[in-house]
Amino acid sequence: MAIGYGRARNLMRQLGWNMRVTTICDSVDKIVLFHPLQDREYTVRLDSGRKLMRECVMQHRIDSMTAILEYNRTEAEVEKPQWYAITRWAPEDVIAAAEEQDVTLTEEQAAAWLRRNERKFQDLLVAAGNEILSNMDFGEGE
């Protein structure tokens, strides 16, 4: 099943996924999201993909029919800087969590752990956030 604009945009904007656009005779034939460090790919609905393409810039062409696009953070974020539920962790948070598992870390070790695991940590947080969003009652109003 193909994903829509919102999910595709989140993957590109928050997690650094890229878009592979295949064309036939100057018409978009297929849009796929991929991440260079993951095996999984997502097909994007054509209407959603075309809308998202307006927020992207070309990274490079594979051949005359295939282009790789990346999210254009600079342009998109200046236009509509809308972020919600911003969460951050510091080395002290890692130290406290490690202590709960009877592991002692220095601040330098905690910072190094955050650097090594940042991408995985972000991926898990975004996945958890998307799961929470998918289970919310949007019909409840204000």
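From a predicted model like this one, the values you see are computed outputs, not experimental measurements.
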Step-by-step side chain to side chain contact (heavy atoms under 4.5 Å, CB included) determination, Thr66 to Arg61: CA-CA 6 Å; Thr66 311; Arg61 275 203 168 276; 5.9 Å; no
Side chain to side chain contact (heavy atoms under 4.5 Å, CB included) between Cys56 and Met12, worked out: CA-CA 9 Å; Cys56 296; Met12 292 188 79; 3.6 Å; yes
Evaluation steps, side chain to side chain contact (heavy atoms under 4.5 Å, CB included), between Tyr42 and Arg7: CA-CA 10 Å; Tyr42 292 98; Arg7 185 155 185 217; 3.4 Å; yes
Criterion side chain to side chain contact (heavy atoms under 4.5 Å, CB included) on Leu69 and Val57, from CA distance to verdict: CA-CA 5 Å; Leu69 281 65; Val57 293; over 6 Å; no
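Taken to the nearest 0.5 Å, the CD atom of Glu107 stands 11.0 Å off from the CD atom of Gln109. Atom CE of Met53 sits about 5.5 Å away from atom CD1 of Ile31, to the nearest 0.5 Å. Lys51 contributes atom NZ, which lies 15.0 Å from atom CG of Leu46 (distance to the nearest 0.5 angstrom). A distance of 12.0 Å separates CE of Met136 from CD of Glu131, quoted to the nearest 0.5 Å. Atom NZ of Lys120 sits about 6.5 Å away from atom CG of Leu124, to the nearest 0.5 Å.
Each of Met65 and Val28 belongs to its own hydrophobic cluster when Ile, Leu, Val, Met, Phe, Trp and Tyr are linked at side-chain heavy-atom distances under 4.5 angstrom. Trp89 and Val103 fall into different hydrophobic clusters, where Ile, Leu, Val, Met, Phe, Trp and Tyr residues are linked whenever their side-chain heavy atoms come under 4.5 Å apart, directly or through other members.
Counting heavy atoms from C-beta outward, Arg45 and Tyr5 have side chains that stay 4.5 Å or more apart. Residues Leu33 and Asn18 form no side-chain contact, since every pair of their non-hydrogen atoms from C-beta on lies 4.5 Å or further apart. In this structure the side chain of Gln122 never reaches within 4.5 angstrom of the side chain of Gln14, judged on heavy atoms. Between Leu11 and Ile3, some side-chain heavy-atom pair lies under the 4.5 Å cut-off. Considering only heavy atoms from C-beta on, Leu105 stays 4.5 Å or farther from Glu99 through its side chain. Residues Val44 and Leu52 fail the side-chain proximity criterion, which asks for heavy atoms closer than 4.5 Å. Counting only heavy atoms from C-beta outward, the side chains of Met19 and Ile68 never approach each other to under 4.5 Å. In this structure the side chain of Asn10 never reaches within 4.5 angstrom of the side chain of Leu15, judged on heavy atoms.
Separation of the Tyr71 and Trp17 ring centroids does not fall under the 6.0 Å cut-off.
Glu118 contributes no side-chain N or O that, together with a main-chain N or O of Arg115, makes up a donor-acceptor pair within less than 3.5 Å. Side-chain atoms of Asn117 never come within 3.5 Å of backbone atoms of Leu114 as a donor-acceptor pair (strictly under, hydrogens ignored).
Between Gln38 and Asp123 the shortest heavy-atom distance is NE2-OD2, 3.4 Å. Smallest separation of non-hydrogen atoms from Ala110 and Pro91: CB-O, 3.5 Å.
Using a cut-off of 4.0 Å between Lys/Arg side-chain N and Asp/Glu carboxylate O, Arg20 and Glu41 are scored as salt-bridged.
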